[in-house]
Amino acid sequence: QVRLVESGGGLVQAGGSLRLSCAASGRTSSSYRMGWFRQTPGKEREFVAAISRNGAYTFYADSVKGRFTISRDNAKVTGYLQMNSLKPEDTAVYFCAASDRDYVSKISTGYDYWGQGTQVTVSA
């Protein structure tokens with residue numbers, strides 16, 4: 001089992017930055033792949049970014065490419081999502097997720113463990 005706890009969300013003006021953290025416990029950090037998703041009311045959970053076990057490979061949604069950076073520190077058993085140049089349309093609850101699969105997934109069903117989510121609100 002892997003337990004994930006997100007932090008770092010909040011209210012920021014458009015153009016600002018936030019860094020989300022995802023602290024993992026239960027297993028060694030390097031044994032799973034990680035992803036970030038976001039969700040707004042009435043909509044399905046949307047892929048944001050994902051990272052391989054060793055951090056060598058990263059993947060992004062087109063909507064955040066060039067603005068967001070996913071990373072992980074396996075020594076600290078923590079994943080990160082650095083969000084720059086934030087836009088009002090980035091407003092959502094952000095979830096981190098971990099996967100035991102043998103591939104990095106861009107869909108929510110490809111993940112086995114989820115955090116509780118952290119709210120990010122970007123004002124115009």
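Note that this is a predicted model, so its numbers are computed, not measured.
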Asker: Is Val122 reachable from Leu18 through a run of hydrophobic residues whose side-chain heavy atoms are each under 4.5 Å from the next?
Answerer: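 Yes, Leu18 and Val122 fall within the same hydrophobic cluster.
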Asker: Check Gly79 against Trp36 and note the closest heavy-atom contact, atom names and distance.
Answerer: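 Looks like O-CZ2, 4.2 Å.
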Asker: Please name the pair of heavy atoms, one in Ala92 and one in Thr40, separated by the smallest distance, quoted to 0.1 Å.
Answerer: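 Closest approach of Ala92 to Thr40: CB-CG2, 3.7 Å.
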Asker: How close do Ala98 and Val2 get, heavy atom to heavy atom, and via which atoms?
Answerer: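 Closest pair (atom of Ala98, atom of Val2, distance): CB-CG1, 4.4 Å.
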Asker: Should Val104 and Tyr57 be regarded as members of a common hydrophobic cluster, given that ILVMFWY residues are connected when their side-chain heavy atoms come within less than 4.5 Å of each other, either directly or indirectly?
Answerer: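 In one cluster with Val104: Tyr57, yes.
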Asker: Consider only side-chain heavy atoms of I, L, V, M, F, W and Y, link residues closer than 4.5 Å, and tell whether Ile70 and Tyr113 are in one cluster.
Answerer: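 As far as the 4.5 Å side-chain criterion goes, Tyr113 and Ile70 are connected within one cluster.
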Asker: How far apart are the closest heavy atoms of Val12 and Leu86, and which atoms are they?
Answerer: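 Taking every non-hydrogen atom into account, CG1-CD1, 3.6 Å.
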Asker: Working to the nearest 0.5 Å, report the span between CD1 of Ile51 and OG1 of Thr69.
Answerer: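 Interatomic distance, Ile51 CD1 to Thr69 OG1, rounded to 0.5 Å: 10.0 Å.
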Asker: Donor-acceptor check, side chain of Ser99 to backbone of Arg33, threshold 3.5 angstrom: yes or no?
Answerer: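 No; zero donor-acceptor contacts below 3.5 Å.
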Asker: Just by modelled atom types, is the Val120 backbone N or O under 3.5 Å from a matching donor or acceptor in the Asp90 side chain?
Answerer: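 Pair absent, no side-chain N/O of Asp90 close to backbone of Val120.
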Asker: Whether the side chain of Glu6 engages the backbone of Gly117 through a donor-acceptor N/O pair (distance < 3.5 Å, no angle test) should be reported.
Answerer: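 Looks like yes, one N/O pair under 3.5 Å.
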Asker: For the backbone of Ser52 and the side chain of Arg72, can you confirm whether one donor and one acceptor N or O come within less than 3.5 Å of each other?
Answerer: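 Answer holds: yes.
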Asker: Flag the pair Arg19 / Ser71 as yes when at least one side-chain heavy-atom distance between them is below 4.5 Å, and no otherwise.
Answerer: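 The answer is no; the side chains never approach within 4.5 Å.
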Asker: Measure the spacing between CG of Leu81 and SG of Cys96 and express it to the nearest 0.5 Å.
Answerer: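 Leu81 atom CG to Cys96 atom SG measures 10.0 Å (nearest 0.5 Å).
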Asker: Which distance, rounded to the nearest 0.5 Å, do you find between the CG of Leu4 and the OG of Ser21?
Answerer: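 So the CG of Leu4 and the OG of Ser21 are separated by 12.5 Å.
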Asker: Are more than 12 heavy atoms from other residues, nucleotides or ligands located less than 6.0 Å from atom CZ of Arg101?
Answerer: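 It does: Arg101 CZ has more than 12 such atoms within range.
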Asker: Judged by modelled atom types alone, do Glu89 and Thr91 share a side-chain donor-acceptor pair under 3.5 Å?
Answerer: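 No pair is found: no donor N or O on one side chain lies under 3.5 Å from an acceptor on the other.
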Asker: Please confirm whether Arg45 makes a cation-pi placement over Trp114, using NZ or CZ under 6.0 Å from the six-membered ring centre and within 45° of the ring normal.
Answerer: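 Yes; both conditions hold, so Arg45 lies above the ring face of Trp114.
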Asker: Would a distance-only check, ignoring hydrogens and angles, find a side-chain to backbone donor-acceptor pair under 3.5 Å from Asn84 to Ser17?
Answerer: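 Here the side-chain-to-backbone pair does not exist.
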Asker: So, do Lys87 and Arg67 sit near enough that their side-chain heavy atoms are less than 4.5 Å apart?
Answerer: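 Side-chain contact under 4.5 Å: yes.
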Asker: Check step by step if side-chain hydrogen bond (donor to acceptor under 3.5 Å, both in side chains) holds for Asp112 and Tyr32.
Answerer: CA-CA 10 Å; Asp112 306 291; Tyr32 51 83; over 6 Å; no
Asker: What I want to check is whether the side chains of Asp73 and Thr78 have a donor and an acceptor closer together than 3.5 Å.
Answerer: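 Asp73 vs Thr78: no donor-acceptor pair found between side chains.
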Asker: Which heavy atom in Pro88 sits nearest to a heavy atom in Ala14, and how many Å separate them?
Answerer: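 Closest pair (atom of Pro88, atom of Ala14, distance): CD-CB, 4.1 Å.
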Asker: I want to check something: taking the side chain as every heavy atom from C-beta on, are Met83 and Leu20 in contact at a cut-off of under 4.5 Å?
Answerer: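 Yes, close enough: below the 4.5 Å cut-off.
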Asker: Give, for atom CZ of Arg38 and atom CD of Glu44, the distance between the pair rounded to the nearest 0.5 Å.
Answerer: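 Here the interatomic distance stands at 14.5 Å.
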Asker: Restricting to pairs with a member in residues 59-111, which pass ring-ring contact (aromatic ring centres under 6.0 Å, His included), not counting sequence neighbours?
Answerer: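 Passing the test, one end in residues 59-111: Phe37-Tyr111.
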